[in-house]
Amino acid sequence: MACKMDITFENGTKMPALGFGTWRASDEEVERALNEALEAGYRHIDTAPVYLNEKTIGKVLKEWLDAGKVTRDELFIVTKLPPHGTRASTVQKYLKRSLDDLQLAYVDLYHIHVPFTVPEVDGPFLMDDDGQIVLETTTDHVALWKAMEKVHEDGLARNIGLSNFNQRQIQRILDNCQIKPANLQIENHIYLQQPELVKFCKANGISVTAYSPLGSRGIEKLLNREVPDLLDNPVVKEIAEKLGKTAAQVLLRHLLQRGISTIPKSTNPKRLRENIDLFDFDIEDSDMVRLNALDQNIRICDFGFFPGITKHPEFPF
Ligand code: A2P
């Protein structure tokens, strides 16, 4: 079943509301899963250089495009400027690198992945003697956004957006931009609904995409701490049972009905099909109210896997 719902950006661009997330999917997994996802009807694909899978995604997309199984216009490809690229002088370089890896002439949406900067190195982050990430603290969002506007004007990115920026940081861009961010990508799910930030974005014509909509199951190992299991919430389970749907489908449909697009990741053929099968039911208003009431301001993806990053002056949370 294809994604039958679009989110329309303020500039008129349409993006399928349900996308395919690829964070924490290895090359081998992503090759198989992306083929399955395209078969299942996913057309919005979300990636980033830090996920280390752009080349494989590019290979699969090329196979589908060359075989005429999909046209470029039908695809909506999103990637992101990595943390070691968040300075004006390196925006074009990193976008071109992603385009080479993805084997595309343009992306549909280019995000600044995080509002902070780390030094450019070949390979993983530069660590100091205390095991902390070395920071580059001169991040200048206004200059950076100008460089984002330039790659948009040059046709390399059809839309430009932000990820993991807070309200103050977004406001600063809005106060200084020629082109507004089309989209904000943030962690969002029943336990971190961020109603104020979502309202602020809507009021300013910025669409919102939720990452970790299922709570990033399996991320415990990376974070080295327990995280709540969203699929086990009794209210979610009760609503799922009533609708004859799974808990995951209720979580995803809740976001769509809040007007938020989302990018669940799954490398499992059955689950990735389940996650896009969301367009033949509605959560009724009274149940939406119950789901909205589950918000507990619990951030799962707090960047705890970047030791020392909270010391960056533009750390957003
Ligand atoms: P898998 O890839 O094995 O399906 P998020 O998108 O919130 O980061 O969550 C992704 C995690 O949730 C992955 O571990 C994924 O595992 C799992 N997952 C994805 N879809 C479902 C589903 N429908 N039911 C249960 N777990 C799911």
Side-chain angles (χ1 to χ4, degrees), residues 1 3 16-42 44-48 50-53 56-57 60 78 80 111 113-114 163-164 185-194 208-234 236-237 239-241 243-256 258 260-281 283 291 294-296 298-305:
M1 151 132 16
C3 172
L18 204 283
F20 185 62
T22 66
W23 183 36
R24 298 185 294 130
S26 67
D27 271 326
E28 202 188 341
E29 287 173 325
V30 101
E31 175 156 10
R32 199 176 26 78
L34 182 54
N35 273 295
E36 296 272 2
L38 289 165
E39 293 286 357
Y42 286 86
H44 165 183
I45 316 295
D46 183 89
T47 184
V50 295
Y51 305 164
L52 303 176
N53 55 23
T56 305
I57 291 174
V60 175
V78 184
K80 312 183 188 88
H111 280 303
H113 203 156
V114 289
S163 183
N164 296 305
Q185 189 179 121
I186 46 171
E187 177 177 341
N188 211 289
H189 46 68
I190 45 164
Y191 292 154
L192 186 72
Q193 299 191 28
Q194 311 208 58
V208 176
T209 298
Y211 72 72
S212 301
L214 306 175
S216 272
R217 297 165 66 73
I219 204 175
E220 294 85 353
K221 277 173 255 146
L222 193 59
L223 291 172
N224 207 13
R225 63 173 164 82
E226 293 287 305
V227 300
D229 184 354
L230 278 55
L231 299 187
D232 202 33
N233 181 282
V236 174
K237 288 205 297 199
I239 295 171
E241 199 164 319
L243 289 166
K245 295 286 165 185
T246 66
Q249 287 172 321
V250 168
L251 294 174
L252 298 171
R253 183 76 205 183
H254 175 236
L255 285 162
L256 297 183
R258 290 176 62 211
I260 297 174
S261 50
T262 187
I263 46 169
K265 171 262 177 188
S266 180
T267 51
N268 173 288
K270 181 174 163 287
R271 288 194 285 274
L272 68 83
R273 282 190 163 74
E274 175 185 324
N275 294 348
I276 201 172
D277 185 10
L278 304 173
F279 303 100
D280 63 350
F281 72 104
I283 300 172
L291 291 166
L294 298 177
D295 194 13
Q296 297 177 45
I298 296 178
R299 187 180 297 280
I300 294 171
C301 188
D302 61 359
F303 296 151
F305 41 79

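The residues of the chain are indexed from 1 along the displayed sequence. Each ligand, and each atom within it, is numbered from 1 in the order the structure gives.
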**Q.** Test: D46 and K80 ion pair at under 4.0 Å
**A.**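 Salt bridge flag = yes for K80 with D46.
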(Q) For a salt bridge (charged side-chain N to carboxylate O under 4.0 Å, His left out) check, start with the C-alpha distance between D280 and R253, then their side-chain angles and the critical distance, and finish with the verdict. (A) CA-CA 10 Å; D280 63 350; R253 183 76 205 183; over 6 Å; no
(Q) I'd like to know whether R273 forms a salt bridge (charged side-chain N to carboxylate O under 4.0 Å, His left out) with E36, so could you lay out the CA-CA distance, the side-chain angles of the two residues, the decisive distance to 0.1 Å, and finally the verdict. (A) CA-CA 8 Å; R273 282 190 163 74; E36 296 272 2; 3.0 Å; yes
Q. Are any of the side-chain heavy atoms of V227 and S216 separated by less than 4.5 Å?
A.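 Not in contact.
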Exercise answer, ligand 1 polar atom pairs (N/O) under 3.5 angstrom:
residue, atom, partner, partner atom, Å
ligand 1, 2 (O), K265, NZ, 3.0
ligand 1, 2 (O), T267, N, 2.8
ligand 1, 2 (O), T267, OG1, 3.3
ligand 1, 3 (O), R271, NH2, 2.8
ligand 1, 4 (O), S266, OG, 2.6
ligand 1, 4 (O), R271, NE, 2.6
ligand 1, 4 (O), R271, NH2, 3.3
ligand 1, 6 (O), K265, N, 2.9
ligand 1, 7 (O), P213, N, 3.3
ligand 1, 7 (O), L214, N, 2.9
ligand 1, 7 (O), G215, N, 3.2
ligand 1, 7 (O), S216, N, 2.9
ligand 1, 8 (O), S216, OG, 3.1
ligand 1, 14 (O), R217, O, 2.8
ligand 1, 20 (N), N275, ND2, 2.9
ligand 1, 23 (N), E274, OE2, 3.1
ligand 1, 23 (N), N275, OD1, 2.8
ligand 1, 26 (N), R217, NE, 3.4

Q. With a cut-off of 6.0 Å (strictly less than), are more than 12 heavy atoms of other residues, nucleotides or ligands near CD of E220?
A.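 Atom CD in E220 is crowded, with more than 12 foreign heavy atoms closer than 6.0 Å.
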Q: May I have all residue pairs that pass salt bridge (charged side-chain N to carboxylate O under 4.0 Å, His left out) and include part of residues 223-232, sequence neighbours excluded?
A: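 The answer is R217-D229, R225-D302, D232-K237.
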